[in-house]
Amino acid sequence: MTEPWCVLLASREDPQRPGITGYGRGDAPQQASLSKRDPLTATLRRAATVTSLDRIAAIISAPADQWRQSSFKDLGIRNLFVQPKHQGTGYEVLLALLQLENRISPTTPVLFLPADHIVNDEEVMTNSLMTMAEWIADDPGPVYLLGAMPQGPHDQLGYIVPRHDAMLMPTGVYEFVEGPDVRRARELINAGGLWNTFIFGGTVASLIKLFRPRFDTTIAALRAALQSDHISLDLVRTYDRLTSVDFSQDLLAKQTERLKVLHLLRCGWWPLKSPALDPQLRGALASRQMG
């Protein structure tokens with residue numbers, strides 16, 4: 001199998017989050033303990049167990065804050081993709097794909113890894129990522145999602161309802177719902193729905209296909225900006241014309257026929273997003289983050 005690429009989605013990360021701001025800065029003792037579970041550093045380390053360092057990229061938004069620069073100091077400058085500003089996860093993903101399309105083979109698996117969660121069992125997570133890369137290599141047509149067993153009705157996450165209850169192989173997606181209310185979330189869980197971890201992958205071609213034909217004009221504009229002699233200026237001009245696009249809600253949820261989901265075995269995956277409407281789940285989230 002061709003060695004995969006991993007793209008870290010870091011433009012949304014909150015630099016005020018204790019687990020990140022405490023990393024390596026000698027802050028208060030409670031922040032020092034949290035730094036051991038710094039999600040951004042953990043995600044980079046996780047990617048490095050899946051592929052070579054020169055096949056790890058990160059996408060961030062300008063300005064490239066000091067904490068981001070220090071986190072990615074081991075990545076080559078060509079593998080650090082800087083957006084003029086964050087315009088939603090849709091353009092975050094698209095810009096990374098367009099940066100890679102002329103650099104890698106059309107059959108190369110590309111895994112997207114957000115840094116907005118914590119994991120207790122890294123070996124299980126790493127095995128899941130490697131399995132996803134293998135499935136992409138074997139069947140490069142779909143886009144693959146990683147779904148986690150819900151721990152309760154979380155209204156800040158997406159839900160993936162598989163067509164079949166398959167634990168060890170990918171299955172089609174019957175329904176994808178982003179950010180349902182608690183009542184709807186319970187219904188989706190009862191229907192076998194999984195939490196969307198926002199860990200996903202495919203080939204460059206299969207992922208770009210999600211954007212077509214609706215975003216063909218934007219794709220052409222971004223490609224032109226990336227090939228110009230004034231990349232930074234032309235990207236700014238292009239981004240100023242964009243309106244925010246959410247990758248999950250505006251793309252994945254509307255194209256379930258192009259998706260397959262892999263079941264993430266229990267590894268202590270837990271989101272950093274707090275549920276707004278379920279105090280019990282919110283309390284469990286807070287205790288896990290502090291743990």
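The basis for the numbers below is simple: all heavy atoms, side chains too, and nothing from hydrogens, waters or symmetry mates. The first residue in the sequence is number 1, and the count goes up from there.
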Apply side-chain hydrogen bond (donor to acceptor under 3.5 Å, both in side chains) to Thr256 and Glu175, showing your working. CA-CA 7 Å; Thr256 53; Glu175 189 175 16; over 6 Å; no
Look up atom CG in Leu194 and atom CD1 in Ile189, then write down how far apart they are to the nearest 0.5 Å.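 If we round to the nearest 0.5 Å, Leu194:CG and Ile189:CD1 are 10.0 Å apart.
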Inter-residue atom distance Asn196.CG - Leu252.CG, 0.5 Å rounding: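 Those atoms lie 7.0 Å apart.
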With a 3.5 Å cut-off and no angle check, do the side chains of [X] and [Y] form a donor-acceptor pair?
{"X": "Gln87", "Y": "Thr243", "value": "no"}
{"X": "Tyr144", "Y": "Trp135", "value": "no"}
{"X": "Ser206", "Y": "Thr203", "value": "yes"}
{"X": "Asn79", "Y": "Arg103", "value": "yes"}
{"X": "Tyr239", "Y": "Gln83", "value": "yes"}

Can you confirm whether Glu257 is buried at CD, in the sense that more than 12 heavy atoms of other residues, nucleotides or ligands lie under 6.0 Å from that atom?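 Atom CD in Glu257 is packed in, count exceeds 12.
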Hphob cluster co-occupancy, Leu53 + Leu80, side-chain heavy atoms under 4.5 angstrom: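 Same hydrophobic cluster.
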Does Phe176 share a hydrophobic cluster with Met149, counting links as ILVMFWY side-chain heavy atoms below 4.5 Å and allowing steps through other members?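 Different clusters: Phe176 never reaches Met149 through Ile, Leu, Val, Met, Phe, Trp or Tyr contacts under 4.5 Å.
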Considering all heavy atoms, the nearest Leu145-Met132 contact: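 What the structure gives for the nearest pair is C-CE, 3.9 Å.
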What closest approach, in Å, do Ser244 and Asp250 show between heavy atoms, and which atom pair accounts for it?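 That closest heavy-atom pairing would be O-OD2, 4.5 Å.
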Taking the six-membered ring for Trp and the single ring otherwise, decide whether the centroids of Phe247 and Phe200 are under 6.0 Å apart.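 They qualify: ring centres under 6.0 Å apart.
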Trp270 and His117 aromatic centres sub-6.0 Å: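 Judged by ring-centre distance (under 6.0 Å), Trp270 and His117 do not meet the cut-off.
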